[in-house]
Amino acid sequence: MRQRQRRTFARLFGSLVLVAAAGLTSIGTSAAPAAADGPRPLGQIVPVPADVSPGGSPYTIGSATRIRVTPGEPEVQRIGAYLAAVLRPSTGYALPITGATGGDGIRLLLGADDEGLGDEGYRLTSAKGSVTVAANTPAGLFHGVQTLRQLLPANVEKKTKQAGPWKIAGGTITDAPRYAYRGAMIDVSRHFFTVAQVERYIDQLALYKINELHLHLSDDQGWRIAIDSWPRLATYGGQTQVGGGKGGFYTKADYQAILDHAASRYMEVVPEIDTPGHSNAALASYAELNCNGVAPPLYTGTHVGFSSLCVPKEVTYAFFDDVVREVAAMTPGRYLHIGGDEAQSTSKEDYDTFMTRAQPVVHKYGKTVMAWHQIVDATPIPGTVAQYWGTTGDEANVAAAAQAGTKLIMSPANRAYLDMKYDAKTTLGTNWAGYVEVDKSYSWDPDTFVKGVPARAVLGVEAPIWSETLSTSAQIEYMAFPRLQGIAELGWSPASTHDWTAYKARLAQQGPRMSALGITYYRSPLVPWV
Ligand code: ACM
């Protein structure tokens with residue numbers, strides 16, 4: 001409650017009033033450097049917390065430190081084990097996990113008894129004898145653990161023993177997200193990425209409190225998910241990729257492994273089957289899906305807009321129903337994304353016809369429809385979520401749909417697309433939406449980017465990465481980092497904290513942490529890297 005009131009207040013009157021009224025320390029100014037072996041200043045993390053009150057003695061993790069977790073709660077036990085796995089190699093301490101009785105150590109407590117923390121918020125209290133993370137939910141505890149990680153020196157992320165001290169500044173952080181949806185998308189179709197590569201990306205995203213993983217599972221160049229009722233989609237349609245490499249696909253067990261890993265990081269998976277365009281891999285796998293009954297060859301180029309499911313044929317709907325049924329049955333999350341972008345080989349009439357039939361199928365199998373924002377030119381059914389990927393913010397059709405109740409996820413391509421080149425010197429990526437330096441990627445407001453969209457329509461943000469030019473984890477990471485952090489902060493932190501100067505100082509401190517994690521990030525000249 002307290003949190004929500006403060007944020008509403010901030011929206012109305014701006015950050016100065018927020019700071020004055022709430023008695024916050026200024027987290028909007030640049031970072032005060034920590035003393036040589038002193039703790040990092042409380043709150044100098046990404047995304048910046050909603051509320052930071054520094055004060056008192058720091059907590060120092062030592063050889064006697066225990067991780068105390070709420071007893072009888074397996075998820076809290078698991079989060080404790082996750083934290084221990086981060087801390088043990090670098091600190092060299094045993095960090096046994098034990099029950100929560102006892103006031104010392106690192107304490108993970110479920111049951112914060114604070115409505116304002118909501119489903120994902122947490123409170124972190126650091127003092128001489130203990131550091132306590134309390135939350136209403138395991139997800140909140142998990143996000144609080146990410147904050148705890150970032151409050152420790154960057155070397156804590158290393159896999160070998162490092163010199164301490166391992167201090168956490170004294171004080172209290174009270175934190176909860178601005179938006180419920182904070183996503184990242186990976187295109188596993190243009191180039192295939194293995195389960196291990198996706199899990200690695202999940203782990204990196206979790207550090208920045210991303211909670212949605214959108215998997216772009218089908219496109220012209222490859223079908224990446226096993227469908228029992230249409231097996232050739234994966235076994236034939238998944239066997240290549242851009243440039244002609246061998247491609248690949250996820251078996252149902254592979255997909256389950258990704259789901260399990262995402263769930264362990266409190267991330268919901270949003271599977272996408274792109275329709276009616278971007279469908280060459282399906283059309284190549286089954287001749288009967290084509291209007292002329294002839295299967296086209298597999299495609300390994302990078303053009304878009306040349307393929308369409310055959311809207312007049314009934315078999316198209318049998319295919320779509322089977323695929324949605326199987327993907328929905330495998331997926332515990334709320335959403336199923338049906339694409340709908342760049343359907344340039346589908347007439348407007350056919351596009352309407354297809355989307356009018358397709359959306360209720362997703363509902364029939366218990367999922368909420370997500371689609372790229374072109375869905376607003378058909379008729380979104382109640383509940384459909386449109387993912388905005390435009391660049392101008394002038395799209396009156398999107399504004400009208402949002403006013404009529406369609407919810408939006410914001411992924412403006414010239415801000416949130418992580419595959420855009422940073423500048424003319426970037427060798428990877430594409431530049432159809434322009435060059436997107438780190439400041440540009442951060443400098444927008446999801447609530448106001450599209451003119452005429454009411455703020456209540458915006459569910460959150462997502463940073464997609466398209467893989468036409470990207471085929472390794474190192475390449476994904478170079479393009480994602482450090483722009484991903486900016487989108488994560490836009491998704492999590494109160495609008496009142498938005499400030500490039502303060503942000504870039506906090507981002508700079510992520511450099512050594514990313515290095516310790518083996519992330520080869522882009523060292524933007526705009527960021528004062530430490
Ligand atoms: C898209 O970038 N075609 C959604």
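Count residues from 1 along the sequence. Start at 1 and go down the list; that is how both ligands and their atoms are numbered.
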A.B. asks: Do you know which of Gln510, Gln509, Arg513 makes side chain to side chain donor-acceptor pair (under 3.5 Å) with Gln150?
C.D. replies: Gln510

A.B. asks: Please tabulate, line by line, the atom pairs linking an N/O of ligand 1 to a protein N/O at a distance below 3.5 Å, with the distance in Å to 0.1, or answer 'none'.
C.D. replies:
from     : atom 1 : to     : atom 2 : distance (Å)
ligand 1 : 2 (O)  : Tyr417 : OH     : 2.6
ligand 1 : 3 (N)  : Asp341 : OD2    : 2.7
ligand 1 : 3 (N)  : Glu342 : OE1    : 3.0

A.B. asks: In a check of side-chain contact (heavy atoms from CB on, under 4.5 Å) between Glu326 and each of Asp321, Asp228, Ile225, which one passes?
C.D. replies: Asp228

A.B. asks: For the residue pair Gln374 / Trp389, report whether a side-chain donor-acceptor contact shorter than 3.5 Å exists.
C.D. replies: yes

A.B. asks: Taking the ring of Tyr503 and the ring of His498, is the distance between their centroids below 6.0 Å?
C.D. replies: no

A.B. asks: Taking the six-membered ring for Trp, are Trp372 and His214 closer than 6.0 Å centroid to centroid?
C.D. replies: yes

A.B. asks: Heavy atoms only: give me the nearest Leu283-Ser307 pair and the separation to one decimal.
C.D. replies: CD1-CB, 4.0 Å

